[in-house]
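Everything below concerns the one structure shown next.
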Amino acid sequence: MNYVRQDCAGKTLILALPDQGAPELLYFGEELPAHTNIESVYLVLSSALPNSSLNEPYRLSLIPEAGRGWMATPGVEVFSNELAAWSLAWEVHTVNENVAGFAIRLEDRHAELELIFQIGIKESGVLGLSLELINTGREPVQVVRLASTFPCLSNFTQKMSFYGRWCQEFQHQTSQWNDTWIQESRYGRSGHENFPGVVLGESNFSEQTGEVVGAHLAWSGNHSLRADVAMTGERYLQAGALYLPGEEVLHTGESTKTPELLIAHSCQGLNGVSQQFHREARARTKLTKPRPVHINTWEAFYFDHDLEQLCLLASRAAEVGVERYILDDGWFKGRNDDTSALGDWYVDEQKYPNGLTPLIDHVKSLGMEFGLWVEPEMVNPDSALYRAHPDWVLELPAKEHLLFRNQLVLNLANPDAYVAIRGRLFDLLNHYDIDYIKWDMNRDYVSPSGDIHPQALAQVTALYRLLGELNDAFPELEIESCASGGARVDFGILNYTKRFWTSDCNDALERQTIQRGFSYFFPPEVMGAHIGPDKSHTTSRIHDVVFRAGTAIQGHLGIEWNLLQATDEQKSNIADWIECYKAHRELMHSANLYRLPSVDGCAQTQWYLNDEKTEGLAIYSQLAMPKRVHPDRLRLPALEALSLYRVEVIAHSPMPSHLMQQKPAWWQQKIQLNGASLERVGIQLPVMDPESVLLLRVSVADV
Ligand code: GLA
């Protein structure tokens, strides 16, 4: 028996490498002492031999093997007409230590297959696992499943999973985990419905407490997650791309790789998991400049593009402090509503007789960056592109094509379609001074195919390739991932993008729960969050500017509002909030984020604290009517116990109101308290109206 160990970012990973069989996870969690005797760890994990079992029961490995007696779901399943390849049994061939941990090469000689299993802890503390399957034989094999497996502790009996819909992404639900849970996405994108992530942990884990693991599959296409409890007692999570029937066939020498499974482990509850995912996201995006304030034209003008109005909007936006102007849908040839023109990526000459240059020049003269909306993976049947190439769509040719928002998916795995779309994008980016692309994707797949075989996987691979080529060719360009709001939010696409459009819903009340769900995996600086008009376009709810802005500044701020219709007072309010965002973005976009829920569930607090623990910002949001007269005390974790901090109210919803006659006595004082008191005693908050916010800045006091 051989063992390997990695220590990184305060975590330890220990694997056992048996002479026969796949590697076993002996330990992943908080760092173990350097001199820990690994052989003893292995020994104490050996189990008794139960009655009525295999003579040698299978020890759950990182690639569970049906061919060695694993009776629950195996990690890899393939089908071959010629070889006994469906019941696999692996042997470790070589182990290489690399920057990412360990690359372990395994083989099953009978099945004529090799597997490269990559596992390792990243600087963020997140564990990455992936599998690459190689067909070394003479016969083609069909891949049925290729899933990374992560064994969990037996006291992990609670799970938190995610669900959602258009305009209400990232909802979560917590339940007991004592049997099989499966989540599959067949939408062709990570999806509104099934975000590819789950949290498993000991019972009653919470934001601040409990041992938990967060798992996320870094993939933008069909996926399958499985959290299972075997009858023998082992608990494990499996995650991989979902293959449609016959989708992944490997011929001699060919290989396929799973998307990376990311695992964050914490003994400090969900906040600990999120902070590691946030570090991992930061390592991928490598943002080098402050996140500029956006204005997006969609809800201001929809398809109704008038150059004069668009220029006026830019001027108003610059006046209130906006730094980047994004021209949304409606700029290209014949695009007057959502029934036509997708695919025809040429500027509409009727709306823009001199192209986009006059608008871009105006935007730039105001000191703002310019961004453009595109939806390159799509085509409307009513378009020149479709009329010329009806066979370029990702649909079973012989079957009826089902429209979704009046559009079809363009088959990017078709080399001609790929070259054509790539060419249009490169032309636009070479011709115009474009700093930013809002890359949209507004439909699910139905029967993704270019011929008779499914091709959902190839489509995502081609998309990544295209995004990669754009990043290489235009290194200064920033790309946003949008898919009818937040239907394509994952670490796979985050390798190529710098921002997500979190949701089409700009209603601040809905946004609070959407943003909270998003924050379990992603940091604030990649969370597009816009201030809309008083009345939300998607829900018709009305909120004052404080609640709207106090909610939106929790992400990468933007405006989604026709400011030409805003009053002077509204514009001045917006300008103040933009200033507030600019004053705090550096802190919020590099901070450790803590979610602090309320006892009655009617409020939530986001607490941003820098690494040095010298600066923090707490945003308390009263969502629903409080169930008791007084809200909870605000107890701020993770400060330096002995340091003295100054607490200042920096913004708040109008108060006192009908629920409160007088604010607490501390309100007008200059509070100074040490970190221990702020954490353990806390601050009694005022009585706040539903749908209101309070922002408190906490800074180390000068001594
Ligand atoms: C999607 C996006 C919106 C907007 C429209 C344009 O719905 O999520 O933000 O860009 O498309 O058609």
Side-chain angles (χ1 to χ4, degrees), residues 164-170 187-193 195 220 294-305 310 313 324-345 347-348 351 370-383 403-410 428 434 436-444 478-490 493 497-508 510-511 514-515 518 526-533 536-539 552 555-562:
R165 47 165 287 195
W166 178 65
C167 277
Q168 204 180 41
E169 296 85 343
F170 305 108
Y187 296 91
R189 47 188 186 180
S190 16
H192 289 117
E193 296 79 2
F195 172 72
S220 310
H294 282 195
I295 186 149
N296 192 56
T297 63
W298 179 237
E299 287 194 1
F301 298 127
Y302 291 103
F303 297 101
D304 192 9
H305 287 207
L310 286 159
L313 181 69
R324 187 185 270 162
Y325 180 101
I326 291 100
L327 184 66
D328 208 287
D329 197 355
W331 60 267
F332 48 100
K333 215 172 167 58
R335 182 71 167 173
N336 298 317
D337 55 33
D338 67 8
T339 61
S340 59
L342 287 175
D344 299 343
W345 303 107
V347 178
D348 188 306
K351 296 177 188 173
F370 181 80
L372 191 66
W373 178 95
V374 285
E375 197 180 356
E377 297 150 82
M378 296 293 157
V379 62
N380 285 119
D382 183 7
S383 68
L403 295 176
F404 185 124
R405 206 195 188 206
N406 309 304
Q407 62 198 55
L408 295 165
V409 186
L410 198 63
L428 283 166
I434 296 173
Y436 187 81
I437 283 218
K438 178 178 175 186
W439 184 296
D440 211 339
M441 193 282 200
N442 281 317
R443 74 158 286 173
D444 300 328
E478 289 194 6
I479 303 176
E480 172 174 19
S481 170
C482 172
S484 321
R488 195 155 64 188
V489 175
D490 57 78
I493 205 153
T497 53
K498 305 271 189 240
R499 188 189 204 242
F500 294 117
W501 182 224
T502 318
S503 176
D504 275 350
C505 187
N506 294 317
D507 170 335
E510 294 300 333
R511 267 299 182 129
I514 295 169
Q515 294 183 177
F518 180 97
V526 300
M527 181 175 76
H530 292 179
I531 307 172
S536 158
H537 283 209
T538 45
T539 64
H556 175 179
L557 183 67
I559 311 286
E560 187 98 19
W561 181 3
N562 185 353

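The structure displayed is predicted, hence computed values, not measured ones. Counting convention: from 1, in listed order, for ligands and their atoms alike.
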Nearest non-hydrogen protein atom, atom 10 (O) of ligand 1: D328 OD1, 2.7 Å
Between W298 and F303, ring centroids under 6.0 Å: yes
Ligand 1 versus N296: contacting region, heavy-atom distance under 4.0 Å: neither
Lys NZ or Arg CZ of R511 over W501 ring: under 6.0 Å, within 45°: yes
Backbone or side-chain N or O of W298 under 3.5 Å from ligand 1 N or O: no
Flag for E560-N296: side-chain donor and acceptor within less than 3.5 Å: yes
Per-atom contacts of ligand 1 with N442, taking only distances under 4.0 Å to non-hydrogen atoms: 1 (C), 7 (O), 11 (O)
Y436 side chain reached by F370 side chain, heavy atoms, under 4.5 Å: no
N or O contact, G485 vs ligand 1, cut-off under 3.5 Å: yes
R405 near ligand 1 by a heavy-atom separation under 4.0 Å: yes
Closest protein heavy atom to atom 8 (O) of ligand 1, given as residue, atom name and distance to 0.1 Å: D504 OD1, 2.5 Å
Candidate with minimal heavy-atom separation from atom 12 (O) of ligand 1, of L342, D440, D329, N506: D329
Donor on one side chain, acceptor on other, W166 and D504, under 3.5 Å: yes
4.0 Å heavy-atom contact, K438 with ligand 1: yes
Under 3.5 Å donor-acceptor, E375 side chain and N442 backbone: yes
Flag for D490-S190: side-chain donor and acceptor within less than 3.5 Å: yes
Option from D344, D348, D329 for which side chain to side chain donor-acceptor pair (under 3.5 Å) with R335 holds: D329
For C482, the ligand 1 atoms whose distance to one of its heavy atoms is below 4.0 Å: 2 (C), 8 (O)
Nitrogen or oxygen of R335 less than 3.5 angstrom from that of ligand 1: no
